[in-house]
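Presented below is the structure to which this report refers.
In what follows, chains carry the letters A, B, and so on, assigned in the order in which the sequence lines appear, proteins first and then strands, with residues in each chain numbered from 1.
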Number of protein chains: 2
Amino acid sequence: MDRQFAGIFSEAFMILIGLYYLRLMYENFQRYIDERVALCDAESKLVRSVAVIKKIRKRQYLLQEGDVWKYDAFVSSGCLRTYSINEKGSEHIIGFSIENWWCGDRESLLSGEPSRFNIDAIEDSELVMFTHTNFEMLCREIPAFNQMVNNILNKSFITQQNRINASLSNTAEEKYLNFVKKYPEFALRVPQNMIASYLGITPETLSRIRTQTARNKG
Amino acid sequence: MDRQFAGIFSEAFMILIGLYYLRLMYENFQRYIDERVALCDAESKLVRSVAVIKKIRKRQYLLQEGDVWKYDAFVSSGCLRTYSINEKGSEHIIGFSIENWWCGDRESLLSGEPSRFNIDAIEDSELVMFTHTNFEMLCREIPAFNQMVNNILNKSFITQQNRINASLSNTAEEKYLNFVKKYPEFALRVPQNMIASYLGITPETLSRIRTQTARNKG
DNA sequence: GAAAGCAATTGATGTAGATCAATCAGCCTT
DNA sequence: AAGGCTGATTGATCTACATCAATTGCTTTC
């Protein structure tokens, strides 16, 4: 009897912990939204009602090449990478996503074609996801939400433009130094070989660049 | 008396020709819109009422580094390039815009900061331009217009994503062959040295690639 | 706590593509 | 028709970065 009680208790406890975590994970997204737009109570509830929370472990795939991507996904904690694999079998990292970034393959999402990219977790991660249908509904129903999404898209566009410019104009060393300046968080969390891949250089070259610049600084 | 009449006549004639051209230039934009959205008469007129038509000559600047870009610009004929100049003084072409493309510097437009890019005409060109304030008004007043703009932005984002992927994954030759496949119009109209700059290779390398691939095809 | 993976470093060597330089061809100008 | 630009081609050489290979220090795993 005692034991049974303990069992029930611990089960209930686990459920509570589970709910608590879910709340935490969503709260980060809530905060992100609140910082950007002022939603009324009904609107907030609408958003919350279609949000799906997903946890994925380090090394786990969120998307595999060949699959169709159907979500809009917000990273509430952790870190993921989006990358392609070319015919020669080498990986090239298109982008990283940490807390408060979005991730996914927009091309596959909008075209309905299978993705040419892979996305996997570099750290255990937590996501707030929306099916694209729901996401479009939110954009339609909540103009301010739509406006926010638009801003994000605009910013991403600009970021990519700058990355293209950098890839054309800069040497390997310049690319790395600019990267560190622009994304110091990444430089600390992401393994060096992945940063190299993102910059379009080999891990060996990046290692040499680092020892050289460190030497020059004294 | 005769001569004076001839003068007036020819002047009126020139004005008519001028008006005719303006109509033509705008018509291309009108067609572009009509292919994408169904606007009612009042909406079409609203768009037309804030459109400004601009002609620029080959080699003329549309935007110079350091200036703030304030427009949304549609290319109704001709061809332009957007490029940056790095500290070493070398030019790098970020993008080309031909008929039915848009051009400008979104970063400067949205941030209000001076642009780091130059835009000039590769051919005599005709543009339909909107001040950003007017353009935002159109997006606000005409939901379908807003939707169209959003689609364009999404597509541009995807295009850039793919360009980044190509720049990381492909050899110079692959980049060129993909470029020709994807944008055959450009390959014909744009001088080779500019294509090289766009691809991030030197004109010499591009020339060698071309002779080699031609030889291989027999 | 040994074994197995994985990431980073360092060295030796290779190469795609850059740079430098000269020539050539097609133009616009006068 | 002649000179002057601009862009393309070709050759010789150079170099930034890649590739290959070995070593070392880690985490992860059983």
Taking A:Trp101 as the fixed residue, which of A:Phe96, A:Phe29, A:Phe186 is the one that meets the ring-ring contact (aromatic ring centres under 6.0 Å, His included) rule?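 That would be A:Phe186.
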Please identify which of these residues, A:Tyr71, A:Phe145, A:Phe74, meets the ring-ring contact (aromatic ring centres under 6.0 Å, His included) condition with A:Phe135.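 The single option meeting the ring-ring contact (aromatic ring centres under 6.0 Å, His included) with A:Phe135 is A:Phe145.
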So if I take residues 77-95 of chain A and measure heavy-atom distances to DNA chain C, which residues fall below 4.0 Å?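 None - not one residue of the stretch has a heavy atom sitting under 4.0 Å from the strand.
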State which residue, out of B:Arg81, B:Arg59, B:Lys58, B:Gln64, fulfils the side chain to side chain donor-acceptor pair (under 3.5 Å) condition with B:Asp120.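 Result: among B:Arg81, B:Arg59, B:Lys58, B:Gln64, B:Arg81 is the only option passing the side chain to side chain donor-acceptor pair (under 3.5 Å) with B:Asp120.
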Taking atom types as modelled, find out whether B:Ser77 and B:Glu126 have a side-chain donor-acceptor pair closer than 3.5 angstrom.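 B:Ser77 vs B:Glu126: donor-acceptor pair found between side chains.
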Indicate yes or no: at least one non-hydrogen side-chain atom of B:Met194 is less than 4.5 angstrom from one of B:Glu91.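 A side-chain contact under 4.5 Å is absent here.
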side-chain contact (heavy atoms from CB on, under 4.5 Å) partner of A:Trp102, chosen from A:Val75, A:Ile152, A:Leu153: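 For A:Trp102, the side-chain contact (heavy atoms from CB on, under 4.5 Å) test succeeds with only one of A:Val75, A:Ile152, A:Leu153, which is A:Ile152.
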In whole angstrom, give the distance that lies between atom [atom1] of [X] and atom [atom2] of [N].
| X | N | atom1 | atom2 | value |
| --- | --- | --- | --- | --- |
| B:Ile201 | D:dA8 | CD1 | C1' | 14 Å |
| A:Lys58 | D:dT29 | NZ | P | 9 Å |
| A:Leu199 | D:dC17 | CG | P | 12 Å |
| B:Glu173 | C:dA18 | CD | P | 14 Å |
| B:Ile195 | D:dG7 | CD1 | P | 13 Å |
| A:Asp124 | D:dT27 | CG | C1' | 15 Å |
| A:Ile209 | C:dT9 | CD1 | P | 12 Å |

Residue pair A:Asp105 / A:Ile119: nearest heavy atoms and the distance that separates them: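 For A:Asp105 versus A:Ile119, the nearest heavy atoms are N-CD1, 4.4 Å.
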If you look at every heavy atom in A:Ala172 and A:Ile201, which pair is closest and at what distance?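 A:Ala172 and A:Ile201 have their closest heavy atoms at CB-CG2, 3.7 Å.
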Measure centre to centre between the rings of B:Phe157 and A:Phe157, then say whether the value is under 6.0 Å.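 Ring-ring flag for B:Phe157/A:Phe157: false, centres at least 6.0 Å apart.
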Are the aromatic ring centres of B:Tyr176 and B:Phe179 under 6.0 angstrom apart?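 No, too far apart.
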Strictly under 3.5 Å: I want the nitrogen or oxygen pairs between protein and nucleotides 19-26 of chain D, one per line.
from: D:dT19; atom 1: O4; to: A:Arg208; atom 2: NH2; distance (Å): 3.1
from: D:dC20; atom 1: N4; to: A:Glu204; atom 2: OE2; distance (Å): 3.2

Polar atoms only, N or O, under 3.5 Å: list the protein pairs with nucleotides 6-8 of chain C and their distances.
from: C:dA8; atom 1: OP1; to: A:Gln192; atom 2: N; distance (Å): 2.8
from: C:dA8; atom 1: OP2; to: A:Gln192; atom 2: N; distance (Å): 3.4
from: C:dA8; atom 1: OP2; to: A:Asn193; atom 2: N; distance (Å): 2.9

Salt-bridge contact A:Lys88-B:Glu174 (side-chain N to carboxylate O under 4.0 Å):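 Answer for the salt bridge query: yes.
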Over all strands shown, is A:Leu206 touching base, sugar-phosphate only, or nothing at heavy-atom distances under 4.0 angstrom?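 No contact.
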